[in-house]
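Worksheet: the structure to be examined is printed underneath.
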Amino acid sequence: MEKIHDILSDKFINSEAEIRGWVYRIRSSGKITFIILRDSSGIIQCVASSDNLNEDQMRELSSMTVESSMEVSGTVRKDDRAITGYELAIKSYKIYERNENFPITKDLGEEFLLDNRHLWIRSREFTSVLKIRSTVFKAFADFFYNNSYYQVQAPMFVSTATEGGSTLFTVDYFGEKVNLTQSSQFYLETLIYSLEKVFTIAPSFRAEKSRTRRHLAEYWHAEGEAAWYSNEDMMKDEEKLIEYIVNEVIKNNSEDLNIIGRDINVLKKIRAPFERIKYRDLIEMANKKFGMDLKYGDDLGADEEYNIMIHFDRPIFVTNYPEELKTFYHKPDPENPGEILCHDMLAPEGYGEVIGGGERIYDLNELLDRLKKNNLNPEDYYWYVDLRKYGSIPHSGFGLGLDRLVTWICGLKNIRDSIPYPRTVRRVKP
RNA sequence: GCCGCCAUAGCUCAGUAGGUAGAGCACUCGGCUGUUAACCGAGCGGUCGUCGGUUCAAACCCGACUGACGGCGCCA
């Protein structure tokens, strides 16, 4: 049994091959039938003609339907008329299941495709996105393993918020109300005291009723935390990480990039280091060079990020946000009062934020002070506060939206198309 | 939560100044030995999202609701 991709080669010409998969396209003109068969590796045209097959077999093959499953064996030959350059002359075959009719045809509506997601993921384009996604997840983990980080796992049921606000899903936990995690950061911070450098890949849940092309209610959150790291140290790892992931995709998925129409040359420009721009300098740049109208203290919304990042062809780091724009645990910058040691990584081509990170406060009183200012009860965060009492050290971390990263790398219009089963405000099926 | 847009055949969409609905694809049958989302002929296929209102008459006008998509805010 061969994989289709393997027999698309001059080495296989005139040799016998046996493949199995699903009918991708079928065309018949009576005495000759073309069945394009697909498996996970690719597609190939299979030809049924009366040279090799009897009348009954010809009739049976000509009435096959899209997505029916079958096994085919025959001789491989080169033919420019075949969609992938080679074809297989069918000598024998076995049908596993002949479909009545496959619901998805050439006309594709958004709602219909979302309702039939379980079938749509078979499409050639989606298959390629899923392969790229697989590379991204593997490359993320590999990069950190190669850089002395340990992989850890944090709980999904939690009792404290990380960010504050009403963005948490509440679930019944043996009669007690608890939340689904929106970030594993605090747990990662506890783990650096034994492992020093840790990372995790886990879902995060946000109950925000966001209706945009870059939000999911359940998304894959890749987070890292490193002892003794400054904000700058963290950015250095992150830019190398992104460069590594993009390189792995270029190396392993060039055919997939081609199938989804993503220009590989755009990705080849993604080389570390990435430019670091202080928030206040970015505001000035946006106003002077890009004709925008921003004030110091404005948060960068989706429009702003788009209008800025459309001018860049590689990611940038935005650092030194004003204190009031970010959450309580960020460490203030001693050299720039009112600003914090943090960074957002914005992806180019208008994609915007994919990473948020920075240095954490490690002084006990400073943390208690910031909790108070944000109207948070230190008792709820007792275990997080404890870290500042027992061998506290400088450290930094980050959170990366893997689905956003895949969306950008694949050049997709909507984050929904980066994940097999997107969970959004209005959709939990299929 | 706010704003916008949409809902007609299994799918994608037309549709008339308000007068009882149409195409392409899919499917079924027939034709064709090199097709490329094949082509040609025929057939099958609809309480025009739901409820209510205006009218002699509503898919079309009005209202509410439901569902879907997009944008903002929030964030990754």
Side-chain angles (χ1 to χ4, degrees), chain A residues 24-36 43 45-53 58 62-63 65-67 77 79-85 87 89 99-116 119-120 123-124 162-168 182-185 201-223 298-306 325-327 344-347 351-357 398-408 413-416 418-419 424-427 429:
Chain A
Y24 177 69
R25 293 279 141 72
I26 177 156
R27 286 178 284 273
S28 179
S29 52
K31 300 276 170 19
I32 187 168
T33 295
F34 301 94
I35 293 175
I36 320 284
I43 62 174
Q45 174 164 288
C46 303
V47 187
S49 78
S50 46
D51 301 345
N52 296 321
L53 301 163
M58 286 301 292
S62 71
S63 71
T65 51
V66 169
E67 284 306 314
R77 58 194 185 207
D79 196 311
D80 290 339
R81 291 168 296 188
I83 184 163
T84 42
E87 64 183 22
N99 298 324
E100 279 312 305
N101 62 23
F102 194 65
I104 298 176
T105 58
K106 71 171 189 174
D107 294 312
L108 313 165
E110 273 176 301
E111 184 177 355
F112 181 78
L113 288 179
L114 285 167
D115 287 339
N116 291 281
L119 302 176
W120 175 235
S123 74
R124 223 170 159 222
T162 312
E163 312 278 346
S166 60
T167 63
L168 293 154
Q182 57 178 184
S183 166
S184 299
Q185 180 194 322
I201 298 175
S204 274
F205 306 89
R206 302 276 166 106
E208 292 149 3
K209 294 185 175 174
S210 302
R211 302 197 40 73
T212 78
R213 60 173 73 185
R214 61 191 184 286
H215 285 89
L216 294 170
E218 174 188 275
Y219 68 98
W220 283 84
H221 208 174
E223 294 174 278
D298 286 348
D299 207 352
L300 299 179
D303 277 355
E304 290 78 26
E305 282 185 8
Y306 177 84
L325 290 185
K326 296 283 177 182
T327 355
D344 281 357
M345 186 195 287
L346 309 185
Y351 277 90
E353 184 173 1
V354 286
I355 288 181
F398 72 94
L400 160 68
L402 283 167
D403 316 279
R404 284 190 179 179
L405 182 62
V406 172
T407 303
W408 162 51
K413 289 198 179 74
N414 196 311
I415 195 169
R416 217 170 41 201
S418 73
I419 184 168
T424 58
V425 201
R426 297 207 178 151
R427 190 172 282 279
K429 282 195 289 189

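Quick caveat, the model's predicted, so the values are computed rather than measured. Chain naming here is simple, since letters A, B, ... match the order of the sequence lines and numbering starts at 1 in each.
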Which part of the nucleic acid, if any, lies within reach of A/D344 when heavy atoms closer than 4.0 Å are counted: base, sugar-phosphate only, or nothing? nothing
Length of the line joining A/K326:NZ and B/rC75:C1', which is rounded to integer Å: 9 Å
Pair assignment for RNA chain B - dot-bracket with | for other-strand partners, Watson-Crick or G-U under 3.5 Å: ((((.((..((((.....[..)))).(((((.......))))).....(((((..]....))))))).))))....
Does a side-chain N-to-carboxylate-O contact under 4.0 Å join A/R416 and A/E110? yes
If I take atom CG in residue A/N99 and atom P in nucleotide B/rC27, what distance separates them, rounded to the nearest angstrom? 11 Å
Which is true for A/A82 with a 4.0 Å heavy-atom rule: it touches a base, it touches only sugar-phosphate, or it touches nothing? base
Need to verify one output field. Residue with the more 5' nearest nucleotide on RNA chain B, A/R213 or A/G401? A/R213
Taking the same atom, C1', in B/rG15 and in B/rC74, what whole-Å distance lies between them? 42 Å
State which residues pass salt bridge (charged side-chain N to carboxylate O under 4.0 Å, His left out) with A/E353; sequence neighbours excluded, sorted by chain then number. none
Residues in side-chain contact (heavy atoms from CB on, under 4.5 Å) contact with A/P203, at least two apart in sequence or another chain: A/M156, A/F205, A/E218, A/W220
Listed partners of A/T407 passing side-chain contact (heavy atoms from CB on, under 4.5 Å), at least two apart: A/Y351, A/L412, A/I415, A/S418
B/rG34 pyrimidine/purine six-ring stacking with A/F34, under 5.5 Å and 30°: no
Applying side-chain hydrogen bond (donor to acceptor under 3.5 Å, both in side chains) to A/R213 and not counting sequence neighbours gives none
If I pick the P atom on B/rC32 and the same atom on B/rA37, what distance separates them, to the nearest angstrom? 24 Å
Same-atom distance (P) from B/rC51 to B/rA58, integer angstrom: 14 Å
Considering only the C1' atoms, how many Å lie between B/rC61 and B/rC48, rounded to the nearest integer? 16 Å
Report each atom pair, protein N/O against N/O of nucleotides 31-33 of chain B, whose distance is under 3.5 angstrom.
unit_1, atom_1, unit_2, atom_2, d
B/rC32, N4, A/G30, N, 3.3
B/rU33, O4, A/S50, OG, 2.9

Which whole number of Å gives the distance between the C1' atom of B/rA26 and that of B/rG43? 14 Å
Atom pair distance, as rounded to whole Å: CG in A/D299 and C1' in B/rA76: 13 Å
Between B/rG53 and B/rA57, how many Å separate the two P atoms, rounded to a whole number? 12 Å
Side-chain N or O of A/R214 versus OP1/OP2 of B/rG71: is the shortest distance under 4.0 Å? no
Could you give the CZ-to-C1' distance, from A/F102 to B/rA26, as a whole number of Å? 13 Å
Could you list, one pair per line, each protein nitrogen or oxygen that sits under 3.5 Å from a nitrogen or oxygen of nucleotides 9-13 of chain B, together with the distance?
unit_1, atom_1, unit_2, atom_2, d
B/rC11, O2', A/D107, O, 2.6

So, is A/N414 close to the B/rG70 phosphate, meaning a side-chain N or O under 4.0 Å from OP1 or OP2? yes
Would you please name every residue forming a salt bridge (charged side-chain N to carboxylate O under 4.0 Å, His left out) with A/D115, sequence neighbours left out? A/R427
Using atom CG of A/D298 as one end and atom C1' of B/rC74 as the other, report the distance to the nearest whole Å. 16 Å
Spell out, as yes or no, whether a donor-acceptor pair under 3.5 Å connects the side chain of A/T212 to the backbone of A/R214. yes
From B/rU35, B/rA76, B/rC69, pick the nucleotide closest to the side chain of A/R206? B/rA76
In terms of the nearest nucleotide of RNA chain B, which residue is placed more toward the 5' end: A/D403 or A/R427? A/R427
What N/O pairs connect the protein and nucleotides 1-4 of chain B at under 3.5 Å? Give each pair on its own line.
unit_1, atom_1, unit_2, atom_2, d
B/rG1, OP1, A/K209, NZ, 2.7
B/rG1, O6, A/K209, O, 3.1

B/rA76 and B/rG10: how far apart are their C1' atoms, nearest whole angstrom? 38 Å
Under 3.5 Å, is there any donor-acceptor pair linking the side chain of A/R416 to the base of B/rG70? no
Identify, with sequence neighbours excluded, every residue that meets side-chain hydrogen bond (donor to acceptor under 3.5 Å, both in side chains) alongside A/R81. A/D79
Applying side-chain contact (heavy atoms from CB on, under 4.5 Å) to A/R426 and not counting sequence neighbours gives A/R211
Using the P atom as the reference point in each nucleotide, state the distance between B/rC11 and B/rG46 in Å, no decimals. 13 Å
Mind checking side-chain contact (heavy atoms from CB on, under 4.5 Å) for A/L325 and listing every partner two or more places apart, or none if nothing turns up? A/Y279, A/D299, A/Y321, A/P322
Heavy-atom nearest pair, A/S204 first then A/S183, reads OG-N, 3.6 Å
